[in-house]
There are 2 protein chains.
Amino acid sequence: MATGRTHRPATRSRGIPEATVARLPLYLRALTALSERSVPTVSSEELAAAAGVNSAKLRKDFSYLGSYGTRGVGYDVEYLVYQISRELGLTQDWPVVIVGIGNLGAALANYGGFASRGFRVAALIDADPAMAGKPVAGIPVQHTDDLEKIIKDNGVSIGVIATPAGAAQPVCDRLVAAGVTSILNFAPTVLSVPDGVDVRKVDLSIELQILAFHEQRKAGEETAAGDGALPAAAPRGAAAGDADQGPDGDVPAVMPA
Amino acid sequence: MATGRTHRPATRSRGIPEATVARLPLYLRALTALSERSVPTVSSEELAAAAGVNSAKLRKDFSYLGSYGTRGVGYDVEYLVYQISRELGLTQDWPVVIVGIGNLGAALANYGGFASRGFRVAALIDADPAMAGKPVAGIPVQHTDDLEKIIKDNGVSIGVIATPAGAAQPVCDRLVAAGVTSILNFAPTVLSVPDGVDVRKVDLSIELQILAFHEQRKAGEETAAGDGALPAAAPRGAAAGDADQGPDGDVPAVMPA
DNA sequence: ATGTCTTTGTGAACGCGTGCACAAAGATGG
DNA sequence: CCATCTTTGTGCACGCGTTCACAAAGACAT
């Protein structure tokens with residue numbers, strides 16, 4: 001999955017495996033679609049197909065939540081939607097701040113899926129004084145200086161970092177110090193956080209590189225042998241030379257400036 | 001991690017475990033940074049710390065690539081950068097098309113990290129005729145009608161989908177039919193593809209929901225018991241009722257229109 | 001009320017990934 | 001040339017996650 005978790009081995013919340021938690025949103029989405037079509041019940045087989053997973057896996061996942069199915073019939077769609085929503089904590093409101101209002105930050109601010117699932121953009125924060133006051137997606141951008149106050153005034157516990165890589169760790173530290181305990185990081189950096197803080201990472205560059213690996217493999221298999229001969233000395237090319245501008249690991253998923 | 005793989009159990013490429021492949025870009029980034037600072041060699045311990053992983057894991061990962069280290073010294077930075085780049089297929093040029101030039105698509109087009117790692121935006125494609133010809137990030141947007149021709153003329157094998165959920169599967173089918181074998185999907189949908197096609201998913205909504213789950217758990221532990229009593233009948237609230245507007249699973253990571 | 005048929009829930013086996021701990025390898029100094 | 005010291009490469013054990021396969025449970029018809 002493009003989603004790379006960082007740190008935090010697997011807290012094993014309350015018996016619910018991490019892998020299961022990661023799939024619950026998938027089930028929820030499929031169930032919501034069924035709910036809109038007024039489908040009353042669904043079998044594990046059907047729902048699994050809609051979510052793109054194995055039906056046995058789905059049943060085991062649900063078994064961690066309790067026994068919400070009826071044998072011979074399937075699962076009650078509405079009830080399951082509620083149960084999963086509750087388990088994921090989606091029945092309450094989660095104020096979120098986005099730090100770094102560049103290309104990506106602005107795009108995230110415009111994200112429609114936020115509000116529809118209990119997430120509310122409480123504030124947009126950027127280090128550029130010129131941005132201050134300028135509305136993005138109907139919300140005025142505030143300056144980084146007020147970060148701590150914003151977090152505390154709004155009771156924010158989830159922060160989204162969309163800054164350049166260089167600014168990510170300092171911003172992260174400030175967020176955590178102000179009380180944020182969950183961070184979604186779009187900057188291409190490894191964030192270090194104290195215990196008790198969850199970090200999830202979204203990294204476009206890494207995703208593409210993984211795809212390139214598989215793509216190369218496919219191409220290599222077709223054209224017979226191919227490589228094989230590993231050059232004794234690095235033939236020059238990569239490394240320091242090709243860093244034509246940003247060191248790549250220097251810009252966030254989408255550069256702001 | 002925002003990266004959610006879809007389908008494709010674990011092709012186990014050529015002995016290199018999928019988990020290792022997913023970490024190689026991480027190592028590469030850390031190594032590139034060292035290379036820029038002209039650090040000649042690095043120990044597994046240091047590099048592991050920079051990449052945020054266990055040093056034993058890192059050594060085992062590298063062992064799959066071959067023995068590129070020197071005992072008592074460490075790894076040659078430049079050489080390792082080259083080897084990993086080669087293994088990931090980053091020594092060649094990968095033309096990429098982005099389909100769906102909305103908020104997110106435009107942000108992705110502006111992404112600086114593309115070019116610096118062998119990825120080149122070959123074309124931007126959108127279904128809106130009004131977008132056609134309009135330059136985004138210096139590249140003129142082309143209409144969906146020409147999708148097949150664009151793919152073939154540029155020899156594109158990697159496609160990025162940033163369309164609304166409803167358009168994702170049709171677009172995906174057309175991309176695959178035209179020859180694309182790797183897809184990075186930002187639309188909140190499960191894509192079904194034939195064997196041999198890799199799909200990786202980036203889903204903001206899912207990431208936030210996972211964070212919310214852990215956040216709720218943390219909050220619940222503090223306030224003692226808390227829930228526990230599961231309502232016999234769904235207390236109403238979620239489900240069909242709260243779909244105030246978009247069904248959530250209807251807009252891509254960032255809505256275009 | 002009983003039998004049949006569908007679908008859940010789960011026991012058990014298997015495979016992958018992780019991390020420990022250590023032996024082998026080689027650099028470095030005397 | 002030998003001893004010492006650092007760091008790699010890996011054998012091994014453990015735990016999580018996945019999948020199969022099946023018994024139990026309940027709906028539904030007769």
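Quick note on labels: first sequence line is chain A, next is B, and so on, each numbered from 1. Since the model is a prediction, treat every value here as computed from it, not as a measurement.
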Out of C:dT18, D:dT18, D:dT8, minimum distance to the side chain of B:Arg23 belongs to C:dT18
B:Leu65 CG to D:dG9 P: how many Å, rounded? 10 Å
Qualifying residue, where the test is ring pair (Phe, Tyr, Trp, His ring centres under 6.0 Å) with A:Tyr68 and the options are A:Tyr79, A:Tyr82, A:Phe62: A:Tyr79
I'd like a table of atom pairs between the protein and nucleotides 26-30 of chain C - only N or O on both sides, under 3.5 Å - with the distance next to each one.
none

What is the distance, to the nearest angstrom, from the CD1 atom on A:Ile16 to the C1' atom on D:dG17? 15 Å
Atom CG of B:Leu80 to atom P of D:dT8: distance rounded to whole Å? 11 Å
OP1, OP2 of C:dT7 versus side-chain N and O of A:Ser44: anything below 4.0 Å? no
B:Asp61 CG to C:dC16 P: how many Å, rounded? 16 Å
Nearest to the side chain of A:Tyr75, which nucleotide is it out of D:dG9, C:dT8, D:dA21? C:dT8
On the nucleotide D:dC20, are OP1 or OP2 found under 4.0 Å from the side-chain N or O atoms that A:Arg59 carries? no
In whole Å, what is the span from the NZ atom of B:Lys57 to the P atom of D:dG11? 19 Å
So, OP1 or OP2 of C:dT10: does either fall under 4.0 Å of a side-chain N or O from A:Lys60? no
Could you give the CD-to-P distance, from A:Glu46 to C:dT8, as a whole number of Å? 9 Å
Is there a side-chain contact between A:Leu108 and A:Phe186 in this structure, where contact means two heavy atoms from C-beta onward sitting under 4.5 Å apart? yes
To the nearest Å, give me how far apart CD (A:Glu45) and P (C:dC5) are. 19 Å
Contact check, side chains of B:Leu28 and B:Leu88, non-hydrogen atoms, under 4.5 Å: yes
With the side chain defined as heavy atoms from C-beta on, A:Asn54 is closest, among D:dC20, C:dG9, D:dG17, to D:dC20
Validation row: A:Tyr27, A:Asp61 side chains within 4.5 angstrom (heavy atoms): yes
Nearest-Å distance for atom pair CG/P, residues A:Leu58 and C:dG9: 10 Å
Residue pair B:Glu215 / A:Thr181, side-chain heavy-atom distance below 4.5 Å: yes
Looking at CZ of B:Arg174 and SG of B:Cys172, how far apart are the two atoms once the value is rounded to the nearest 0.5 Å? 12.0 Å
Say you draw a straight line from CZ of B:Arg29 to OG1 of A:Thr189; how long is it, rounded to the nearest 0.5 Å? 7.0 Å
